[in-house]
Every structure is written in structure tokens, then in C-alpha cells.
Amino acid sequence: MPALRTRLILGTALLAGLVTAAAGMAGWAVARAALITEFDSSLAVQLNAVASGVESEAHGVSVEWQAVDLPELTRRDHPDLAAVWDVDGTLLVASPAAAGHWRRKPATRAAHPCALPDGATGRRLVRQIVPRGGSQGVTIAVARDASGLEHRLGVLAWVAGMAAVGGALLAAAGMALAVPRLLRPLAQLAGRIEAIDPARPTPLGAAGLVELEPAVRTLDDLVKRLVAVRERERGFVADAAHELRTPLAAVRATLEAATAGGRRDEGGWRAVVATAQSEVIRLQRTVEDLLTLARLEAASTPGTCAPVDFTGVIRQRWDLCATRAVERGLTAEVDLAEAEIVGDEGRLDGIVRNLLENALAHGAPGRLEVILTAISGGWRLCVANPCVGLTVADATRVFERFWRADAARSAGHAGLGLAIARRLAEAVGGSLTVEIADDRFIATLDLLVHRPIMPSCPASENPSTAS
Amino acid sequence: MRILVVEDHAVLREAVVSALREVGCAVDASGDGNEGLWFATSFSYDAIILDIMLPGLDGLAVLRRLRADGKQVPVLLLTARDAVEDRVVGLDAGADDYLVKPCAVPELLARVRSLARRGSFRREPVLRCGRLSVDTAARRAAVDATTMVLTVREFAILEVLAQRPGEVVARTDLWERCYDAEAEPNSNVIDVYVGYVRRKLAKAGLSDAIRTVRGAGYVLAVG
């Protein structure tokens, strides 16, 4: 895993090296141009000096070398080269160094590098001039040893290169010193995160660096969400404990009180057994609901995927409930469209059962509606019943596990039915919502067939909504 | 002993109530927090058995209101919540004891007796008044070594008198300690039962142990 420290140091060194190298190269190029211009202008001066000795005469051109004026031509160590040719290319005159080295007349050229007789590098300038009073031009070439120039340029290049390397090293060293300081807030943050007590997570608070704030905020949000989830789970465990232990306590206390007490006739014993039995049944129902919910939340079973006569499923469930509905004072209005859905029959049946059970257990006497209609793109099942004492705000709470309106606490239901129904609805790709308005409790199940009813069912397998 | 049971689970409430009545306690019961609070503030109890998850007003709120009102009555929280945090919160709210459901009925009764002793005039489980001894746990009274055969009600009356030997106990006090809220107030019943207890004490060899103080009540003579 690449370390930020290494990356920062290498990056800065590279950048600093590149920048100083570029600056050095630019400086070197400017200096080189200036030096060459200066060199070339001295060549031009030399050429002019040679040219001033060329005079046009009646029979041709005469060249007057004035060695005194042009000492460079005769210097011992690095003599300049100079030569003059006439129009026909005949060498008229050459300096001692040029004699024997230059024979043919060169083409006119601006200053350019050339090889000197001693093998050194020089620069040469070739120009054609028309001497005073003459009509025919002559070609003059001068050259001078440029090894001094080359040497100076080499030194400059070396200095520039060293500056680049030094800059890179300096930047790397600076960064190496700065990185630990820069990373200190990160290390401190890591320390604070590590110090969080998993049992009682607290928000991190100040980030220490503006750049770290988004990360800290995200972490704090995460902590808050985790705390909320944990609180919910704790509440769930407490509720589950209550729902399981209370009937258990009731059975135990009933049996212990019965065996410890005085004599009982058969009727008395039967009453005790009946009480214990009903509590055990209640306990069993709670355990089964809890297991259903746990399985749904684990989502381990994929569910089946086959055409289901949804209308038939609802009708069968309703037939089982109809008598109890009458006993509870509910007048039923059942209106079912013919619907065939591809999905898991057991889950669809579970949703219907829990919705009807909820209406029967908690509905106030009055009109109970069970209506299945086609909606655009799917089906809608509405179960509506009168309710007492529920507020609009309770519409979201009804799906909380173990939530019950106070009045319903002792009705023998653990308050898991709607939580299960919603999970089942999600498991078949539908949605279940509850609305409480005008003392009516309205549960709405939407099954949209353009989405696969089961996540594993392809959408195309679902029949159209036409009934 | 007079006990209040506040528990919303009807079957459990009935079982606890019948177990308490079986051992001679006068018991009031409620399945709702608000009603329970009303009972607790309207009558005086030797102990209260309180559930936490209650409709209306939860058990902890009932407990806090009682303590805020300065009620010293011993309270036992009987609840399904067993986490340490819950026990701490419950005890800190002013509970005297904490019992997790499901519990053994004999243990519940023993804890109730223990709580009742804490709130009563005498802390010892066996109340001794001269030759008379009243074992509140075994619910047995004896004069020297002679065990008396007492009905539940007779024992309750003797127990109340034995808790305050030498003091005048008013008929209304005896009534409050031995009868629940549903019984029809009738001081004549107290006189009748005191008469039964006197007769049984005399039979066991202790005559004139209970004296009548005209217009005030009864005194269990010491020595």
C-alpha cells in the first residue's frame, strides 16, 4: 500500500526537480544565445576589418593585410582564420592558419559552427562584399576558435543540472520534515477513533483540519446511525424478553399457585390448565412471529416464483376470518378483482393473513373493507377498518416491532403482525403503507408487476394487469 | 399484610394475586399504570409489586411519582427486563427490590415479606411478645411450644397486633391491613375475628393477651 508520506516526498521532489531543471534550461538557452550573438558580432567585426583591407583596382582586386590592425590573424596560440576569394573562386589571400585549410570558395552563410585545422570547434562567417570603387564582389570568410564558448556553455549546463538536483533534494527534505506535521491531525483523529468505546460510541467532534471535516462528519453520522440501530435492537431485545417472559411467568405462577394452594375440585384444575394452555398458545404464536421476522430479516430463503391466484388467496383467508369479524362487530365489504400474480404464494398469503388479523384484533366495530383493485402497472389491496385512539403519527409506528396502541396491549398479540407484513411485502417486491385518517386505519399493499414480484422472477413473466 | 399488584398481563396478575391471597394477604390489583398510581396513593400498602411495561403510565413513572410524593412504601419491580442497565435504572428510580420474570412464586412471596418487614415497625421475621411467637414466614403462631391453629384472617389480625405490641391498634388500622379495597368496610367483622383469636390464644394457654381499649382499638399485652 503506497504511503502518503512517500508519495508526497517523491511528488514534491519530482516537481521541484522539473521546475528547477526547466528554469535552468531556459536560463542556459538565454545565456547561450547571448554568448553566441556576442561571439558572432566579434566575428562580424573581424570580417569588416578584413573587408576594409580589400580594395578594387583597375586590373582586379587587391587585398592589404594589415597584421598590425589584425593581430588575431597571426596570434600563436589560437589564431583566427580569414580568407578572401574573387568572383571566380580564386583564393586571393589567406591568413596563415587558413592557408592550406580553406581552398574552395564557400557559399555565403551566416555564422555557423565549423571545424578548425587543429581539430577544435570554431564558428565561421562567410559574406560577399563589393569593395569600394569596384563592380565585382569578393567572398570573405573568417573563423575563430569557439572552444572557450563551448566550455562556458558546458559549465552553465552543469550548474543548471546541479541546481535541479539540489532543488529536488531540498524539496524532498523539506517535505520529509513537513509530512509528519501535516499528518499529525490525521494521526490524532485515528487516535480518537480508536479511543471510541464500542459500547458507548460518542461523536468525534472537531476535525482538526478543514479537509478532514467531511470525513469526520460522515463518521459521526455513521456513529449516530449505529447508536440508533443499537438502541433499536436493545429495545427489540427488551420487548422480545417482555413478550416471551410475561406469558412464561404467567404459566409458571399459575401452575405454582395452583399446586401450592389448597384443595381444588376438577373444575378448578380445568380452569388452571385452560389458563396455562392459552398462555402457552400465546407464547407459541409470539415465538413463531419472532422466528418469521428473524428469517425475513436474514432474507436467507429466496422464496418461490410461480403464478398465484391472488384473489383466491385473499378469499380463502377471508373465509377463515369472516365469523370472527362478525363477532367483533365488523361489517365486511369485500370486493376483489381477479388477479393472477407471479410470486411466492406463502408470502402473499402471509401478508393477507397479517393484515386481516390486525384488522380483527385491533379494529373497532364498524365497516371493514377488503378491496383488491387493478392500478396502473399492478394491483392494490386495501384493508381498512375503524380504529380508536390512533393518531396520524402512529401510522409510521405501527410497523415497529412490538408496537401496540396501549389499549391493545392485552389483546393477546405481540405487535409483530404489521412488521412481518411489511417485511413480507418487501420480500415479494411490493410496498405496504398505513394511513390513519378520520378514525380509520387503512393499510395499502401495492404490488407492481412491471417490477418482478420476486427479485428472482423476471419481470416479463408477470402477466399483464388486464383482468 | 396488604399488597398492591400492578401488572398488565391478566393471567400473571391473577396468579400472583391468588398466590398472595392464599397466604392471607389483602391484595388490590390493577392492570394500568394510572390506576395503579391511584391505588398506591389512595391506600397504604405493606408492599407494591410493580411491572415496568404498563399501559397508561409505565412502572418507572409510577415509581418516580410515588417517591416524588414522599411515599415510602416498599416497591418490588417485577419485570421481563433483565439487563444490568434496566436493574440499575429501576433501583435508582426508587425500587427496593427487582425480580425478573419468570420467577418462582415462593421467592416472590418471600421477597414481599422481606419488603413488608422493612416498612413495618419490627424487622424480625419471628415476632415475639412474651410467650407468644408469630412466625411471619411460616405463617404460624405459637404460645410457648403450643402451635395455634389459625385461619388466614385470624393470623393476619394477630400479625398486625404483634408488630406493635403494647400499642393501641385502631380498628381501622386492622381493617386497612387485613382487607383489600373491594371488601365492604365493617368494623364489626374485626371485633368478631379478634374474638376468635382471643379464644384460640386462651385455648393455647394465654388468656387476656388482647385487651380492648374502648373507643380506640386493641392492644396486644406484652409479657
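Below, chain A is the first sequence line, B the second, and so on; all start at residue 1.
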Quiz item: ring-ring contact (aromatic ring centres under 6.0 Å, His included) with Tyr196(B): which residues, sequence neighbours excluded?
Solution: Tyr193(B)
Quiz item: Between atom OG1 of Thr79(B) and atom CD1 of Ile52(B), what is the distance when rounded to the nearest 0.5 Å?
Solution: 4.0 Å
Practice problem: Taking salt bridge (Lys or Arg N to Asp or Glu O under 4.0 Å) as the test, write out the residues that go with Glu154(B), two or more places apart. | Solution: Lys200(B)
Quiz item: Side chain, backbone, both or neither: which part of Glu85(B) has a non-hydrogen atom closer than 4.5 Å to chain A?
Solution: side chain
Quiz item: Which one, Val100(B), Val105(B), Val23(B), leads in non-hydrogen pairs under 4.5 Å with chain A?
Solution: Val105(B)
Quiz item: Taking Glu357(A) as the fixed residue, which of Arg324(A), Arg328(A), Arg285(A) is the one that meets the salt bridge (charged side-chain N to carboxylate O under 4.0 Å, His left out) rule?
Solution: Arg324(A)
Quiz item: Where does Asp51(B) contact chain A at under 4.5 Å (heavy atoms): side chain, backbone, both or neither?
Solution: side chain
